[in-house]
Structures are given as C-alpha cells and as structure tokens.
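See below for the structure under consideration.
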There are 2 protein chains.
Amino acid sequence: MKFQAIKGTRDFYPETMRLRNYIIDTWRRVSLRNGFEEYDAPILENLSLFTVKSGEEIAEQLFSFTDRGGRNIAMRPELTPSLARMVGAKINALPRPIKWFAVPRLFRAERPQRGRLREFFQWNIDIVGEESIQADAECIYTLIDFLREVKLTPADIQIHIGLRPAVSAMLTQYGVAEEAMDKAFLALDKKPKIPAEAFETMMTDLGLSAEQIQNITTFMDCPSEQAIQQLASIEGIDEHAENLQRLWDILTTMGVADYIRFDFHIVRGLAYYTGVVYEALAAGERAVAGGGRYDNLLQLVGGPAAGATGFGMGDVVLGILLDEKGKLPADLQSPSLDIFVIDAGENTAEAMLTLVGTLRERGLACDYSFKRAGVGKQLKEANRRGARSVVLIEQADLDAPDSLSIKTFATGSQTSMTQSEFLSSLG
Amino acid sequence: MKFQAIKGTRDFYPETMRLRNYIIDTWRRVSLRNGFEEYDAPILENLSLFTVKSGEEIAEQLFSFTDRGGRNIAMRPELTPSLARMVGAKINALPRPIKWFAVPRLFRAERPQRGRLREFFQWNIDIVGEESIQADAECIYTLIDFLREVKLTPADIQIHIGLRPAVSAMLTQYGVAEEAMDKAFLALDKKPKIPAEAFETMMTDLGLSAEQIQNITTFMDCPSEQAIQQLASIEGIDEHAENLQRLWDILTTMGVADYIRFDFHIVRGLAYYTGVVYEALAAGERAVAGGGRYDNLLQLVGGPAAGATGFGMGDVVLGILLDEKGKLPADLQSPSLDIFVIDAGENTAEAMLTLVGTLRERGLACDYSFKRAGVGKQLKEANRRGARSVVLIEQADLDAPDSLSIKTFATGSQTSMTQSEFLSSLG
C-alpha cells in the first residue's frame, strides 16, 4: 500500500474494535451504576488551557498548530483542564456534588512505545464540589468496581494509596527545607525504581544527614497496615490521618478493602494534587490508573474554589494486562449475528428479503448472502459471520407448512415451520 | 471564565451528552442489526491520504500540522480514505463482502455556522467488495431503518436517488462535449437552488442550444415515478437502468419504498462517485445524509480494484432536525438512576454504604447523598437525580422486619421489609 497509518496510532479493524468497545462499554456501565453522568469536551482547546495547568513544557508533549485566526490550538493530552473550564463556567447552575465521567480520545506527541501511544482512550471519573473523603472513597470504589467487572482480582492489581500532605509534613519534620521540597518529592517518586544508595545520594545532596534520611526511609517503607498509626508520629496532620482512616472504613464497609493498600511512595508529580493520591499497579509497577484530590485546579483556570477528586485509566496498558492475564471475553474473537437467512428454494429470493426486513424491524441482528450460492456455501457464510441460528427459506409460499427450516448452531437442532409460526416463536 | 471553548466546537454537558449518546447508540444498534461490523481509523493521518482523493484544495479545509519528524499530519475531515487504506492493506485476508460501519469524530477547518461545526460526529456505512446493486440497496435500507428508528417519517424526509453514469450519458447524448462535462455536472448540482434562467445561462456558456438545454431540463425534471422508463431514451445505459429497477424492487420488497424517490439532480460532486448516488433530504433541501457508489477509490490510494458503496450522516444537522420535529425522546432531559439509598435512621450510615455496594455489584445504577441531611433533603436529591425508586434505611439491624422502606416514584407506593426480602424482590 502507498499509505500507512502514522506510527503510534491504531487501525481498529473489527476484531480490535470489539476489544475497544468491550473496554469502553464496561467503563460506561460501571460509571453509570455508580451514579456518574457522562460528559465530554472538544478535542481542540486553546493551548494555554494546558500550559496554565502543567507549565510551558507541556507544549512540547502535545500536538498543536496555529489556526487561520492566529490562535494556538492544541489537541487535548488530558481532559481535566477542560472539565475545570466547563464546571467553572456553570458552577452556579450545576447542583453539587458534580459526579461526572468521560471516555475522551486523547493525543500526546510522544515517541510511541509499548503501552504508550500518540492516540488513546482514557476513562475519567471525577467528583467536583465535595471536599469530604467520601468523594475520594467513591472514586476509588468505582475504580475497584471496574476491576472486578473485568475479572482483575486483588492478586492481579492493587490500588496503592498515598497522602501528599502527610508526606510533605513528614519531610518538613525530618528536616527537608521548604525550597528543597520539590526535589525531595521527585526523589520519593523515584525511590521504588532506583537502588537504595541512589536514593540516599539524592537526599544527601539536599543537605540531609544519615539519620534524617533513615527517618524518612523508615516512614516511607512502613508496611501498609501500619500506615495510619504511623501518621500519629507526624505533627499537624490529624485531620488527614482521620481522613485516611475514614477512607479505609468506607471501602471496608463496601466490601472492597482487599484491593487497596497504603503506600506513601505514591506522590504523583508535583503541584497538582492536594490530598489523597493513588495508582492502580499491576505486576512490574505498571500503572493502569492514577488519580487523587486536586482542590486548586478550578481556580487555576479562572473558576471558583471547589474541591475536586478523580482518576484516569488509559485503554492501552489495560488492554495489554487483560490480554496477558487471559481475562478478555472469548466472544471478542468473532463477529456475531442473531439470525442469518438463507435462500434455499426456487424463487425464494424475494421471500428471503421480506423476512430479513421483518426481522431487522424487530431489532434482530440479521443478514443474508448477496450471492445466490448453494445452501452449503450460504451456511458457511452464516457460520463465519457468527450467526446463532439460520433460517432456510424453502418455499416462496410462506404460509405453507414447511416454508422455513430453523437451524440453531449451538444445539444443532433443525425444525420446519411456517413463517407466521416462526415469527410468533420469537415472541 | 478565563478560558472558553473554541468556536465551532461543543462542550458536552450531561444533557447534551445524552443527546449525542442517543444518536450514536441508535446508529450503532441499527448498523449491527443490519449486519455491519464496527471499525475505526486514527484521527491523525498523513495529509496526502486526503489530497490524493480530493485534490490539494482539501488541505485548506482541514486542520493540519508538521510533526517533529517533518511529516504533514492531518486531522481527518472524513473517514472514507482511511477505510480505503485499511481495506487495501488487508484485502486478501478480509472475506467479502466487507460490511463495515463507523462513528468517527471528524474535523473541518471551516467557518462555523448553523449545522456546520469544526468538530462533529458522522455515521459511516460502507460495503466493499460487492459490485451488485444489492449492496447499494442494503446501504439505503440501513439508512431508512435508522430514519424509522428515530421516528422520521417519509413525510419528514425522502432519500433522493440519482444515477451518475445515466446523467453523464444523457449529457453526451444531448450534446455536452467531454471537456465541458465537469462544468455541466456543476450546473446540474446547482440547478435546484438557482433560478431557471441562471441554469440556462450556465448551459448556454457551455455551447448548448436552447433545444439541447430543453432536452436536458426535461430529463432532469421528470417525475420520480417515470425516471426508470425515461432511462430507455438514453443510449448505452441498459445495465444501469436495470440496476435502478432492481434497487426499486429490493426496497419495495423490504417494505421501505415510501422513503425513496428518483431524482437525477443528485450528482454529488465531481470525480468520486461512479454509480447510484443519493441524499436524504428534509424540508428546505437540508441533506441529513449522502452517499453512493465509489468503485475507484481503493485503487486511488494504491489498493486493488474493488467495488465500494456507502453513505455518511452527520450528527449536527440530524440533531437540529429531530429537535425541530419534536422527535427526541423525553427521557434525554434528565439523568436517571435505578435506586437512591437514603440514610433515614440512627447509626444507619454504614448499613446504607453496604447496601449501595451490594446493589451496584448487582448491576443496578445506585447512589446516595454525601451529606447526612434530613430525609426530606435526601428525597429531593433522589428526585433531582432521576431515581426510579428510593430505599430508606430505617434501622441498622438489617434483619429487623421494617429495616427498609421502598418508595417507588412512578406509583407513589411505599412498603417496608427486611434487607434480605428486598434483595430477593429484585430477583
């Protein structure tokens, strides 16, 4: 072929499309049953909407162009800034809490690699206008409800929950200066992926003593089940500690605590998050989802103050994980039809078309062969198309006793009847 | 607000999103029941994929940019070139006929106006690898099946069907020179929208006599029901005339002929279409859908020869029409939930959370209030959220005889029971 798809983009042939639809339909179903309403924003936004949140560097990581009016237009790399813009514009008209979900198609100008593409889909769950930890719990519950729905167990995946303000207070208490805070967070973010000595060097460079580093390491590496007790050793974070306890209690009451663990290594970037932060991690530290509380974003884009919390989950890493774990439904492999109608007699072509029309009008997925081939060939086509049953039109006189034969592929059974008997058998 | 949506794009707040989902879900359901499989292509394609089909002018009408590798990347203004690329790349692996549908998001760099936006959705129905008129009939039937599904009647909308090769032969027979053919098609395309004199002037400029123009006008304006007979007066198009008759017969047999009429004014652009062409027109000549046979496209993008036919329908004009005609379902106005659970007793907060979890696990759309407000306020929230029924948790002891009250909004009925009675009542 003269033309090929651009690297980092995907052609969705029907088989791949079924996988995409399976993921997106499941995201939607789980969102709706957890009381979230769907929204979306344009793919094209003003570039400055993204730079105001993420800094000028973001412009290098997204696709943008100048339109004929001289405006800098970006293809959205994430949905949250648009959410903040939309909610900000109608904050007084929207009853709170705002529980919204979306499944945006997103674009990033990055070098394509396994799990990272230039075009992908992302599930977004957000609650705006509710400051209490209940909102965070509700988002995490919804994330777990999805994991259960796609048959990922607590052994496959765990949600690691951190607490940014506690880590910040801990670093201060153990001697990290305010101006070194950003670098310290960066070091903590890297800690699980680098050797202990490398982490120590990074912290020593920030002017910390061996003892201070030891205190920090002990705090960070504490077992999940002791995390809440340990918060008592840090000053000024009682409210945060209570929140974390309440989060645990809610998720325990709702029966999903086996999917979560506390892990203070989760800090997720620098300035954006203001409270609980979390990542759903599969083996190999692969993040399938990530999110947390971000109470300042609305004001950043010019809106009012309003608490906000939520997460995103991309389709690419999730698809790879479900495939690896053998959790993809078998019926994604082939197409499906309810009924395939076969032209099996003399002069039955017209009767076949009439029946096809009638069945489709009743909402049944129904098809027939364009070729007037032999019955064997038409049966083969029915099979390839995934038809659950076939109707063979044997006589043009549809009121004759054996005008049709119904063959069900699953049972192998075959019965003859008139067309009206057949239609009433469908209910 | 500091930031606004770019002109010609849409913010999909939940109410608008419900309309978008209603349209897209109906497109999907109708496609599937007519035996089409869903596919999609990337939004980003090489610019040349579009210029090879539509000429260099198209570059002015779409959004494009140069990526860091120096490639000219376009945001797709239509899906068909990508379809041709994808089918071309796998033509030997794909069993024919290829019956595919898609609901792409498309982008056009045009001045926004009513019915024309820069970002929109389009339903695409295509059959590739089948030369017979049955494939065209199948596409048109599917289009009509959708119109019926959204309650647009033959009085609201008619599919005007033309035949490009017949019009071309007619023009030759009545004296239009080969080199004037493109301009003649352009004039015919405009004819229904301009005064008779303006059309006559355009044709006179092509060197035609008053008699020749009269012949052409008579042919073009012939009543729909005489269209097929009239084809007999044009030489060398017997096969095309038979096809049009067969198309009529199939759609009549399938019970949808009241939606179609033959109309030779429909020529749809210049070089692309090779056979039957059609537009679904509502009052005021507004085209809701358009398509036809395009047998040369695959070769144009470097693929093999293969017959192809299909149509596209945009969401914007359709949405306006459905709204004007009052055909939008009433339930798009408000959100909906199956059950809203209300914390109505002392110490019932935990029991409420447990029940919410249980109901969601059973697949019910279920929510509760973050505020521990009075029952009246919680009922109000349930109502605003569109809950079909509410469960009031009255006792923390869920096995007590009147631990729950169930109130159904539609009937106004209220009953008390235990939690296990309630759960088994759900089936």
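Protein chains get the first letters and strands the later ones, always in sequence-line order, with residue 1 at the start of each. Treat the numbers as computed from the prediction; the structure is a model and nothing was measured.
Taking B/Asp367 as the reference, A/Lys99, B/Arg360, B/Arg385 meet the salt bridge (Lys or Arg N to Asp or Glu O under 4.0 Å) condition, with sequence neighbours excluded. Every residue two or more places apart in sequence or in another chain that forms a side chain to side chain contact (heavy atoms under 4.5 Å, CB included) with A/Leu19 is listed here: A/Ile23, A/Leu328, A/Leu332. Remark: B/Arg105 engages A/Asp40, B/Glu119 in a salt bridge (Lys or Arg N to Asp or Glu O under 4.0 Å) (not counting sequence neighbours).
The 12-atom threshold is exceeded at CZ of B/Arg68, counting heavy atoms of other residues, nucleotides or ligands nearer than 6.0 Å.
In this structure, B/Phe65 and A/Phe65 have parallel ring planes: the angle between them is below the 30° cut-off, well short of the 60° mark.
In this structure, chain B has a heavy atom under 4.5 Å from the side chain of A/Ile127, while its backbone stays farther away. Using a 4.5 Å cut-off between heavy atoms, B/Leu364 touches chain A through its backbone atoms (N, CA, C, O) alone. Interface residue A/Ala109: backbone and side-chain heavy atoms are both found under 4.5 Å from chain B. Interface remark: A/Phe340 contributes no atoms to any contact with chain B (heavy atom separation under 4.5 Å).
Here the side chain of B/Arg71 pairs no donor or acceptor atom with the backbone of A/Ile6 at under 3.5 angstrom. When atom types are taken as modelled, the side chain of B/Tyr13 and the backbone of A/Met86 share a donor-acceptor pair closer than 3.5 angstrom.
Remark: B/Arg18 does not engage A/Glu38 in a salt bridge, criterion side-chain N to carboxylate O under 4.0 Å. The pair B/Glu361-A/Arg148 meets the salt-bridge criterion, since a charged nitrogen lies less than 4.0 angstrom from a carboxylate oxygen. In this structure, B/Lys371 pairs ionically with A/Glu130, as a charged nitrogen and a carboxylate oxygen lie closer than 4.0 Å.
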Practice prompt. Start with the C-alpha gap between B/Arg85 and A/Asp11, add the side-chain angles, then the distance that decides, and say whether salt bridge (charged side-chain N to carboxylate O under 4.0 Å, His left out) holds.
Written response: CA-CA 10 Å; B/Arg85 176 179 66 68; A/Asp11 284 336; 2.7 Å; yes

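Listed in order of number, the residues of residues 249-257 of chain B that approach chain A to under 4.5 Å between heavy atoms are B/Ile250, B/Thr253, B/Met254.
At least one side-chain heavy atom of A/Glu138 sits less than 4.5 Å from a side-chain heavy atom of B/Tyr368.
Of the listed residues (B/Leu32, B/Asp67, B/Leu44), the one with the most heavy-atom contacts under 4.5 Å to chain A is B/Leu44.
Atom CZ of A/Phe3 and atom CG of B/Leu300 lie 8.5 Å apart (nearest 0.5 Å).
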